[in-house]
Number of protein chains: 2
Amino acid sequence: MRTETHTTGRPRAFDEETVLDRAAEVFWRHGYEGASLSALTSAMGINRPSLYATFGSKELLFRRAFTRYHETKVANARAALEQPTAYAAIEAFLRSSADALTTGDHPPGCLSIQGGLACSPENAHISETLAAGRAATETALEERLSRAAKEGDLPDGMDARALARFVMTLSEGHAVHAAAGASREDLQASVDIALRAVTVPH
Amino acid sequence: MRTETHTTGRPRAFDEETVLDRAAEVFWRHGYEGASLSALTSAMGINRPSLYATFGSKELLFRRAFTRYHETKVANARAALEQPTAYAAIEAFLRSSADALTTGDHPPGCLSIQGGLACSPENAHISETLAAGRAATETALEERLSRAAKEGDLPDGMDARALARFVMTLSEGHAVHAAAGASREDLQASVDIALRAVTVPH
DNA sequence: CGTGATTTGTACCGAGCGGTAGAGTGAACG
DNA sequence: CGTTCACTCTACCGCTCGGTACAAATCACG
């Protein structure tokens with residue numbers, strides 16, 4: 001029943017990570033509460049008992065899917081922070097985010113937001129989990145920019161934490177826009193403007 | 001049954017706009033799908049048949065509540081656009097939005113986003129309605145900034161539409177942050193940075 | 001004060017929800 | 001080649017959902 005390696009018996013007819021990705025898409029498009037078990041199982045290509053034997057519950061399935069999402073998609077955006085300068089890191093972060101929000105490989109927007117900004121009271125910790133994921137990304141940004149501040153790599157008087165929040169905010173707003181159908185070019189034009197705020201006035 | 005003035009009969013025991021505001025709060029906090037009829041009726045202080053006699057359905061109730069929200073809360077932010085310069089209009093828009101997103105008078109964040117970014121397929125037009133509301137605000141911003149462009153009131157080479165999108169995006173991102181508990185000061189510090197993008201470099 | 005119109009409260013409807021029981025199925029091992 | 005064991009499938013569970021029927025309650029008006 002658990003994910004331990006089993007000894008014998010009938011082998012599983014599906015790949016766990018594949019069906020997780022399919023589940024993530026459904027949550028992404030319809031939100032946690034809007035994703036019914038019927039929609040999930042049919043998208044995953046498995047039936048209910050298999051889902052419950054493998055993942056335990058709808059909520060645990062969601063957490064697994066979200067974790068995987070975070071480790072793949074979000075990690076990608078975080079890699080942008082390794083750029084040598086603060087400006088380059090911010091630009092890479094915003095540009096790769098804008099691209100990811102509008103790629104055809106998965107639903108538009110961001111699972112961390114569409115998954116459930118507001119939930120019924122009994123699912124409140126779903127929104128909290130998503131918020132914690134976003135906060136972790138913002139913290140990563142802040143740490144990168146704090147380092148930049150020490151290196152004299154930020155405009156004078158610019159606070160690393162506030163700048164991290166600004167960048168993260170913009171990216172979240174882009175996710176909202178993308179979910180509503182904004183194009184990649186629309187988002188990149190908005191990034192162009194945001195970057196003006198980061199340049200040192202001469 | 002309709003909202004026409006009735007001639008006689010037992011008078012209504014509640015005020016329509018008051019219960020609409022209560023309903024809006026529930027939708028705001030829990031989203032359209034997360035707001036159950038039981039939660040709605042108990043917050044509104046009326047019972048189911050009264051709700052249905054007055055508003056027709058959950059969806060129509062939501063639309064009425066959202067319209068009222070738009071005509072009151074959102075109209076407030078739009079008033080900021082009447083400032084004499086583009087910079088002042090943008091600043092007023094962002095600052096008053098940040099305040100509204102974090103006031104204690106109603107739930108944090110923005111009904112246009114928390115109401116339902118992602119819905120189950122049968123409620124898809126709820127998200128579309130919300131998106132249309134946000135798009136209308138963005139269009140208002142764009143029109144104000146187009147006028148500014150004609151008046152030479154925008155930085156050189158700045159596109160009014162892209163700038164409107166940038167400002168709206170930031171405000172939406174702030175709504176996401178506010179829904180997750182960000183403080184007013186946090187949002188205003190992000191506005192400070194955003195405004196740097198709008199100033200003309202000297 | 002009785003009559004008609006309307007709202008109110010209770011109690012209920014079918015449908016779909018998340019979740020599960022239990023028999024059937026099939027690969028791996030002796 | 002038969003036993004074992006995990007997985008798969010159909011059919012179902014209790015519950016809550018959005019929505020409603022119906023009768024009691026309460027006003028305006030003659």
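Atom set for the values below is all heavy atoms of this structure, side chains included, hydrogens, waters and symmetry mates excluded. Chain A is the first sequence line, chain B the second, and so forth, proteins listed ahead of strands; every chain is numbered from 1.
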Of the candidates dT8(D), dT7(C), dG18(C), the side chain of Arg12(A) sits closest to dT8(D)

Asn123(B) CG to dG18(D) C1': how many Å, rounded? 11 Å

From NE2 of His30(B) over to P of dC17(D), roughly how many Å is that when rounded to an integer? 12 Å

Using whole Å, what does the distance between atom P of nucleotide dT7(C) and atom CG of Asp15(B) come to? 14 Å

Where the side chain of Lys58(A) is defined as all heavy atoms beyond and including C-beta, which of dT20(D), dT26(D), dG18(C) is the nearest nucleotide? dG18(C)

Given dG24(C), dA27(C), dT20(D), identify the nucleotide with an atom nearest to the side chain of Pro11(A). dA27(C)

Expressed as a whole number of angstroms, how long is the span from Phe62(A):CZ to dC17(C):P? 18 Å

Just compare dT8(D), dG18(D), dT10(C) and give me whichever is closest to any side-chain atom of Pro49(B). dT10(C)

Taking atom types as modelled and ignoring hydrogens, do the side chains of Gln188(B) and Asp99(B) form a donor-acceptor contact shorter than 3.5 angstrom? yes

Classify the side-chain pair Ser38(A)/Arg48(A) by whether it contains a donor and acceptor separated by less than 3.5 Å. yes

Under-4.0 Å salt bridge between Arg161(A) and Asp186(B): yes

dC9(D), OP1 or OP2 - any side-chain N/O from Asn47(A) closer than 4.0 Å? yes

Ignoring backbone atoms, test whether Ser36(A) places a side-chain nitrogen or oxygen under 4.0 Å from the OP1 or OP2 oxygen of dC17(C). yes

Glu33(A) CD to dT16(D) P: how many Å, rounded? 15 Å

Options dT6(C), dG24(C), dT20(C), nucleotide nearest the side-chain atoms of Arg10(A): dG24(C)

Separation of atom CG in Leu51(B) from atom P in dT7(C), rounded to whole Å: 13 Å

Quick one: Leu61(B) CG to dG19(D) P, roughly how many Å, whole number? 10 Å

With respect to the side chain of Arg48(B), which nucleotide from dT6(C), dG18(D), dT20(C) is positioned closest? dG18(D)

In whole angstroms, how far is the P atom of dG19(C) from the CG atom of Leu40(A)? 11 Å

At less than 4.0 Å, is any side-chain N or O atom of Ser50(A) found next to OP1 or OP2 of dT8(D)? Yes or no. yes

For dT20(D), take OP1 and OP2 only and decide whether either is under 4.0 Å from a side-chain N or O of Tyr52(B). no

Aromatic ring pairing Tyr69(B)/Trp28(B), orientation class (parallel under 30°, perpendicular over 60°, tilted between): perpendicular

For a quick check of understanding: with a heavy-atom distance under 4.0 Å over all strands, which category does Ala35(A) fall into, base, sugar-phosphate or nothing? sugar-phosphate

Does one side chain, of His174(B) or Ser190(B), offer a donor that lies under 3.5 Å from an acceptor on the other? yes

Mapping Ser38(A) and Phe14(B) onto DNA chain C by nearest heavy atom, which one lands closer to the 5' end? Phe14(B)

